[in-house]
Number of protein chains: 2
Amino acid sequence: MLNTSSVQPLSLERLRTACSTCGLRELCLPVGLSQPEMDRLDDLIHLRRTTKKGQSIYRAGDRFDAIYAVRSGFFKTTVLLEDGRDQVTGFYMGGELIGMDGIGTELHTCDSIALEDSEVCVIPFSRLEDLSREVQALQHHFHKVMSREIVRDHGVMMLLGSMRAEERLAAFLVNLSQRFTARGYSPSEFYLRMTREEIGSYLGLKLETVSRVFSRFQDEGLVSVQQKHIRIIDIPSLKQVMSHQQPC
Amino acid sequence: MLNTSSVQPLSLERLRTACSTCGLRELCLPVGLSQPEMDRLDDLIHLRRTTKKGQSIYRAGDRFDAIYAVRSGFFKTTVLLEDGRDQVTGFYMGGELIGMDGIGTELHTCDSIALEDSEVCVIPFSRLEDLSREVQALQHHFHKVMSREIVRDHGVMMLLGSMRAEERLAAFLVNLSQRFTARGYSPSEFYLRMTREEIGSYLGLKLETVSRVFSRFQDEGLVSVQQKHIRIIDIPSLKQVMSHQQPC
DNA sequence: CTTGTCGCTTGATTTGGATCAAACGCCCGA
DNA sequence: TCGGGCGTTTGATCCAAATCAAGCGACAAG
């Protein structure tokens, strides 16, 4: 199937899209770089790709040659089993990097799909490796990013392996809240870009269970839920639920 | 608590322990390095550590400054929740690298515990970064190792999120079998170094369930189980169970 | 050899979340 | 404005795995 997401070179728009002027630079790959170093990083990020809701930046089996920084929008990644079952392995928002699953085998191992119209910066991987041999700060930060992905995955394993449905959803909401906060959005009010089914897949639950737990949280006054619009009313209590501590 | 595992510098033993002469070099960090490059890697691996069964190489919260290559023996890593629950996030055998969880925050985020008397090579991380800025093959291979860890974690997420108990245990056995095979051991006969409880924690099951599924597999003639001694009788069928396909 | 401990197995019962089923309501295109 | 479809909610029932409980067996220390 043809991938129809558009690809555009940067030219005059260069300044606008350069890392140095990007609002996400404090969260993304350029963290800790000096101005000249950041300019060198800009040199290798020649492409952006806009991706419509539902389209992918890559699919499992595609050749790996770049990683992608989310510039705007929202993505999920999913792995697929032969028998048709699939599993959402992550949700990604502005400043986060996608595609590192492909480094190990030179092939991508999951699909990355936009949950709303989105834009990513294309970072050619071999050029990134070249530059990070010259720029220590870049090398080190890239290692940190990969390491954090591993730690995040451990968190999900913990969630899936030893938490109950309510704890999982509470942890999910608290995590989203923190990530929105880091991006300057409200910690307590946001739109979910994913369906109940996608949340369920990520959390190892069925969509009905996700829906029921949302309703229960609403009844208990922890959150207000209207379709995809979430308002977190009582973050401390949500954190308690997450940690399994009953409030006396 | 004092960490009592012994630390020893390499001197005369150097040759014996050098990557170049290590039986695991085709699985471990030196993959793809030329002889001179491997010599340079040897230069920074000055320490080995022997670790008795039950001891840790590091604990969650410990300062991160090295990663560790398993030279002999067997390890588990576990993450701990405030409320006391814990989760085994991985099992590691010869040639595999432990400790990359610590890069992101400069602190380790899990415990790594020997399941039998073991030995690891200590790889000081900042020196590894220095060298991998000079040796492209090392840089690239290290990135591959981290990427594969991420992909492995996705596999576990799939397992925990959408597979049934029998499928999980089948996948676990098939995975162990493949890793033993890659190390020159029998694909079909091995000793488990971990308890039923540790397997259960890794697979998101209780130890009773693990035990019951082992018994069921034995009744069905797929494996022979005697305590920790496992003989896989019918790998193809195990793979079928894993993929959820009933044999007609 | 004996004894104690720890890990494992097996049985009976419970339960959290899955499954099956129906209806609602938001959004979008005609 | 009016349908149609998809995503969501809610209820009734079922079931896989957890929990509770007992006893077994291997191994290590004395």
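Naming convention: chains lettered A, B, ... in sequence-line order (proteins, then strands); numbering from 1 in each chain.
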Are B:K52 and B:D117 ion-paired here, with the side-chain N under 4.0 Å from a carboxylate O? yes

Spacing of B:L169 atom CG relative to C:dC8 atom P, expressed in whole Å: 13 Å

Out of C:dG17, C:dA21, D:dA18, which has the shortest distance to the side chain of A:T209? C:dG17

Rounded to whole Å, how long is the line connecting atom NZ of B:K206 with atom C1' of C:dC8? 16 Å

Among the nucleotides C:dT10, D:dT8, D:dA17, which one has an atom lying closest to any side-chain atom of B:R164? D:dA17

Select base, sugar-phosphate, or nothing to describe what A:G200 touches, counting heavy atoms under 4.0 Å on all strands. nothing

pair B:M194-B:K76: side-chain heavy atoms closer than 4.5 Å: no

For DNA chain D, the dot-bracket pattern of Watson-Crick and G-U pairs whose distances stay under 3.5 Å, | for other-strand partners: ||||||||||||||||||||||||||||||

In this structure, how many angstroms lie between the P atom of C:dT9 and the CD atom of B:E208, rounded? 11 Å

Would a distance-only check, ignoring hydrogens and angles, find a side-chain to backbone donor-acceptor pair under 3.5 Å from A:S56 to A:R59? no

Whole Å only: how far is the NZ atom of B:K53 from the P atom of D:dA28? 8 Å

If I take atom CG in residue A:L207 and atom C1' in nucleotide D:dG7, what distance separates them, rounded to the nearest angstrom? 9 Å

Indicate yes or no: does B:R148 engage B:E96 in a salt bridge with an N to O separation below 4.0 Å. no

Beyond-backbone contact of A:T77 with A:Y92, side-chain heavy atoms, under 4.5 angstrom: yes

Between atom CZ in A:R196 and atom C1' in C:dC24, what is the gap in whole Å? 14 Å

Option from B:D101, B:D111, B:D65 for which side chain to side chain donor-acceptor pair (under 3.5 Å) with B:Y58 holds: B:D101

Expressed as a whole number of angstroms, how long is the span from A:E166:CD to C:dG17:P? 8 Å

Regarding the side chain of B:R212, the nearest nucleotide among D:dT10, C:dG11, C:dG17 is C:dG11

Where the side chain of B:S211 is defined as all heavy atoms beyond and including C-beta, which of C:dC8, D:dT8, D:dT10 is the nearest nucleotide? C:dC8

Is A:R85 salt-bridged to B:E167, going by a charged N under 4.0 Å from an acidic O? yes

Would you confirm whether the ring centroid of A:F190 sits within less than 6.0 angstrom of the ring centroid of A:Y185? no

Nearest-angstrom distance from the residue atom CZ of B:R216 to P of C:dT9: 13 Å

At 4.0 Å (heavy atoms only), tell me whether B:L205 reaches a base, stays on the sugar-phosphate, or touches nothing. sugar-phosphate

Could you state the interatomic distance from OH (B:Y191) to CD1 (B:I230), rounded to the nearest 0.5 Å? 10.5 Å

Strictly below 4.0 Å, heavy-atom distances to any atom of DNA chain D: list the hits from residues 219-234 of chain A, or just say none. A:Q227, A:K228

